Amino acid sequence: MSKKRKNDAAGNVIRIGDKVISLEGYLTKKPKTEDSRASEPGSDTADAARQQPESSKTDLTPDGTKKSSPSEFVPSRPPAGDPQYFEARKALPLWTRQDEIRRILRQKDVLVLVGETGSGKSTQVPQFLYQEKWCQRRRVRIKPSEGEKAQEVSVGGMIAITQPRRVAATTLAHRVSREAGTPLTGQKGGGDGNGADSKGLVGYSVRFDHRVPAGTKIKYLTEGMLLQELLRDPYLRQYSAIIVDEIHERSVDVDLLSGFLKQIISGDKAGRGGIPLKVVIMSATANVEGIRQFFSTAGPGGSKSNRPQSSVEYLQIEGRQFPVDIIHTPKPVPDIQEALLKTIFKLHTEEALSDKYGRKDILAFLTGQEEIESAQKLIEEYASTLAPGLPKVKVFPLFGQLSMEAQHEAFQPIKGGHTRKIVLATNIAETSVTVPGVRYVIDCGKAKLKQFRSRLGMESLLAKPISKSSAIQRAGRAGREGPGKCYRLYTQETYDSLYDRDLPEILRTDILSAILTMKARGVQDVFSFPLMDPPQPESVEKALLHLHILGALDDNGAITETGRRMVQFPVSPPYARVLLAAAEPKYDCLLEVIDIISCITAGEDIFHQLRTEEAREEVEEYRKELFRREGDLLTYLTTMQLYAAENTDRVKWCKDRKINLRNMKQALNIRKQLRGLCVRQGMMEQQPPDPQPFSPTSPEQASSILKCFLTGFSIKTAILAPDNSYVTSHGKHVIAIHPASVLHGQKKEAIMFLEHVYTQKSYAKKVSVIQAVWIAEALEG
DNA sequence: GAGCACTGC
């Protein structure tokens with residue numbers, strides 16, 4: 001006990017056996033007191049809203065309190081900020097470093113800042129910087145490029161801060177606007193300053209939601225959104241600084257963004273009239289050496305000139321974190337479920353339900369839905385045999401495909417006092433959401449990982465060992481509210497053998513979109529584009545070839561007009577190709593194709609998978625009118641058409657058919673966006689009115705639609721072999737129709753599938769019936 | 001007979 005207390009004071013450590021390991025720069029976090037808690041900025045507020053994304057968009061503020069009316073936001077002294085939040089801001093570890101941060105950025109263009117997620121860096125750093133002199137907007141003359149006149153433009157004035165997720169961007173913007181005491185208003189689609197608006201300091205921009213008040217200096221946006229802006233504004237002239245937050249998550253978008261930023265800062269700045277762009281890279285984990293080096297070496301083309309290298313400063317913000325005891329198993333466990341059960345009930349029977357820090361609930365990280373559901377069953381069975389005097393347990397599953405309400409339950413304080421909460425979660429709890437009350441973490445050491453096999457042209461989704469970084473992140477979830485414990489269901493040796501960090505997404509995903517993104521933003525030689533972790537040249541070649549087949553690149557590898565139109569759509573290149581084809585008179589099925597693509601890109605699947613025979617029988621009658629014998633695409637189309645035509649109660653409509661309401665709403669949003677883009681590109685006259693009465697698609701139309709999809713997916717086809725198995729036309733792999741497909745178990749002459757995933761075996765998903773002759777026709781173009 | 005997590009004018 002005394003040992004523990006000693007470490008409480010030191011903080012920022014993890015104990016593994018007898019060893020004490022400093023967590024500096026990993027998952028450290030300021031201990032909360034009763035006072036500081038309610039108004040602590042940083043990811044906690046973001047986390048709070050991630051748990052209820054719907055409310056963050058409506059009338060709830062990030063911390064769940066009612067939003068004040070706009071009149072309360074009228075700034076008295078905007079630069080000074082709201083005194084209500086001042087004390088809490090001053091208590092942040094970052095606060096005392098603000099002069100240092102300002103000084104560094106006056107001298108250098110790049111700062112790499114390591115600080116734990118709770119340090120407040122996401123909220124404070126932009127507020128430290130926006131009044132700096134270098135942050136002012138300036139009029140400059142741009143040197144004319146060939147055939148152009150010299151022009152005067154504005155450069156700078158805003159700070160962009162990027163986030164991997166939409167909720168984080170919107171929540172942080174709300175938080176900072178309240179701290180600053182300025183309103184976060186502005187029309188959707190960008191603040192056009194409609195007179196009555198007072199000037200705001202803070203704005204945000206994410207897909208489907210933009211609030212940029214007149215006078216915005218600090219703008220939160222998703223990484224994808226900034227990439228989008230780069231398309232129109234290659235020198236990011238709107239901005240004086242770009243803050244890249246959560247870079248350790250290493251999404252494809254942030255890797256591309258880093259490449260473009262590196263090009264801008266190591267270029268000659270002519271495009272910005274000589275005004276430098278400041279870049280702040282922020283990471284929650286300390287293994288940023290590669291990132292530092294990436295930004296400190298001159299980019300391609302930079303080395304041949306005598307230009308000085310851009311200088312990079314490094315700063316680590318000390319953090320405080322409750323200590324977390326790490327307990328490894330002495331021997332490898334043969335059965336994860338059994339080990340999990342034992343650990344949970346040992347904890348449950350030996351440890352108190354709460355202490356002075358609060359609840360002491362359990363969070364277990366498992367690999368997927370199946371594992372979670374069977375574990376839940378086991379735990380509930382075992383719990384029913386517990387002695388009557390013992391506290392009860394209540395199990396909450398937590399994974400992405402769960403309905404919003406079911407997810408929400410895992411975040412609520414438990415009803416009935418004498419009960420311990422046990423949350424069984426996938427990786428979703430590692431980054432996307434925070435479960436409150438957790439003091440015990442159980443880590444199975446694995447996670448399911450999607451990996452693209454460039455050579456085979458297919459993906460796999462398999463459980464793989466996590467990285468050390470990930471294991472530390474998981475353990476840290478136990479120390480957010482008080483001293484915690486993490487039980488790893490694997491040995492110390494296993495931990496030592498793990499990779500330090502996860503493979504960045506760009507090395508395990510299809511880079512088709514990434515390559516087209518580069519091409520559209522003026523990168524001619526994609527092989528020499530600066531990337532922190534360049535993919536294998538063969539993968540790049542494959543992607544170039546594929547883009548050429550899709551008509552996005554010409555024989556020289558330059559982007560075509562078709563390619564330029566494709567990047568306008570927020571969908572992957574094959575889907576974009578299908579959209580373009582759908583507008584051609586030959587196919588003439590644009591509205592239908594938009595409906596289908598909206599359903600597909602809205603989320604995992606709009607149809608809830610049904611576990612039991614009873615559940616299936618229950619929805620059978622309802623779903624019968626949706627299902628089409630042509631396959632999944634026509635089924636999606638019918639579903640969207642009927643959903644859009646449903647005018648009385650869409651919630652009930654979805655419930656009856658066991659359709660994911662959240663994904664369906666998202667699909668409708670995407671449909672509207674895609675229709676708007678098609679109107680703008682002149683592919684259709686105007687958006688048709690909604691709702692439209694439903695009329696079933698004729699077989700002829702259905703054929704047109706499927707042929708249209710073949711323009712993007714001709715290589716994803718398979719023919720029925722004499723032995724009744726499907727064999728892909730490219731690669732000659734045996735493939736089975738996924739059980740979630742309406743065509744599962746059926747034998748047809750030929751099929752087209754939009755996805756090819758290896759799990760238990762090689763599966764075709766999103767499958768349609770086609771004629772073998774269509775394949776040859778599609779390949780002829 | 002089976003479903004890690006994000007994102008995009």
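Naming: A, B, ... by sequence-line order, numbering from 1 per chain. Model, not experiment: these values are computed from the prediction.
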Inset, instruction - Show the numbers, then the answer: is there a side chain to side chain contact (heavy atoms under 4.5 Å, CB included) between A:Asp605 and A:Lys765? - result: CA-CA 11 Å; A:Asp605 197 346; A:Lys765 299 175 87 172; over 6 Å; no
Inset, instruction - Report the distance from atom CD of A:Glu371 to atom P of B:dA2, rounded to the nearest whole Å. - result: 16 Å
Inset, instruction - Describe the nucleic acid contact of A:Glu223 in one word from base, sugar-phosphate, nothing, applying a heavy-atom distance below 4.0 Å. - result: nothing
Legend entry - A:Arg616 side-chain proximity, nearest of B:dA5, B:dG8, B:dG1: B:dG1
Inset, instruction - Could you check which of B:dA2, B:dG8, B:dC6 has an atom nearest any side-chain atom of A:His738? - result: B:dA2
Inset, instruction - Classify the nucleic acid contact of A:Ser251 as base, sugar-phosphate or nothing, counting any heavy atom under 4.0 Å across all strands shown. - result: nothing
Legend entry - Flag, side chain of A:Glu430 to backbone of A:Gln473, donor-acceptor distance under 3.5 Å: no
Inset, instruction - Would you please name every residue forming a ring pair (Phe, Tyr, Trp, His ring centres under 6.0 Å) with A:Tyr758, sequence neighbours left out? - result: none
Inset, instruction - Using a 4.0 Å heavy-atom cut-off across all strands, classify A:Val252 as base, sugar-phosphate, or nothing. - result: nothing
Inset, instruction - Among B:dA5, B:dA2, B:dG8, find the nucleotide with the atom closest to the side chain of A:Ser513. - result: B:dG8
Inset, instruction - For A:Lys450 and for A:Gln673, locate the closest nucleotide of DNA chain B by heavy-atom distance; then report the residue assigned to the nucleotide nearer the 5' terminus. - result: A:Lys450
Inset, instruction - Verify the ring-centre separation between A:Tyr763 and A:Tyr726: is it less than 6.0 angstrom? - result: no
Inset, instruction - Give the rounded distance in Å between these two atoms: CG of A:Leu743 and C1' of B:dG1. - result: 15 Å
Legend entry - Distance test, side-chain N/O of A:Thr601 to OP1/OP2 of B:dG8, below 4.0 Å: no
Inset, instruction - Please report, rounded to the nearest Å, how far the P atom of B:dT7 is from the CG atom of A:Leu230. - result: 20 Å
Inset, instruction - Just call it for A:Ser205: base, sugar-phosphate, or nothing, with non-hydrogen atoms closer than 4.0 Å on any strand. - result: nothing
Legend entry - A:Ser432 side chain, from C-beta outward: closest of B:dA2, B:dA5, B:dG8: B:dA5
Inset, instruction - Between B:dA5, B:dA2, B:dG8, spot the one nearest the side chain of A:Pro739, thanks. - result: B:dA2
Legend entry - Selected nucleotide, minimal atom distance to A:Arg166 side chain, candidates B:dA5, B:dA2, B:dT7: B:dT7
Legend entry - Pairs involving residues 363-375 of chain A, ordered by first then second residue, that meet side-chain hydrogen bond (donor to acceptor under 3.5 Å, both in side chains) (sequence neighbours left out): A:Gln337-A:Ser374, A:Thr367-A:Glu371, A:Gln369-A:Glu373
Legend entry - A:Glu229 side chain to A:Tyr239 side chain, donor-acceptor N/O pair below 3.5 angstrom: yes
Legend entry - Whichever of A:Ser572 and A:Leu449 has its nearest DNA chain B nucleotide further upstream toward 5': A:Leu449
Inset, instruction - Write down the distance between CD (A:Glu249) and P (B:dT7), rounded to a whole number of angstrom. - result: 11 Å
Inset, instruction - Identify whether any heavy atom of A:Phe399 sits under 4.0 Å from a base atom; if not, whether one sits that close to sugar-phosphate; answer base, sugar-phosphate or nothing. - result: sugar-phosphate
Inset, instruction - Starting from C1' on B:dG8, measure out to CZ on A:Arg165 and report it in whole angstrom. - result: 15 Å
Legend entry - Closest to the A:Met225 side chain, choosing from B:dA2, B:dG1, B:dG8: B:dG8
Inset, instruction - Whole angstrom is fine here: how far is it from CG in A:Leu579 over to P in B:dG8? - result: 17 Å
Legend entry - Spacing between A:Leu398 atom CG and B:dA5 atom P, to the nearest angstrom: 9 Å
Legend entry - Nucleotide of B:dA2, B:dT7, B:dA5 approaching A:Ile428 most closely (side-chain heavy atoms): B:dA5
Legend entry - Spacing of A:Gln369 atom CD relative to B:dA5 atom C1', expressed in whole Å: 14 Å
Inset, instruction - Measure from the side chain of A:Thr426, starting at C-beta and using heavy atoms only, and say which of B:dA2, B:dA5, B:dG8 lies closest. - result: B:dA5
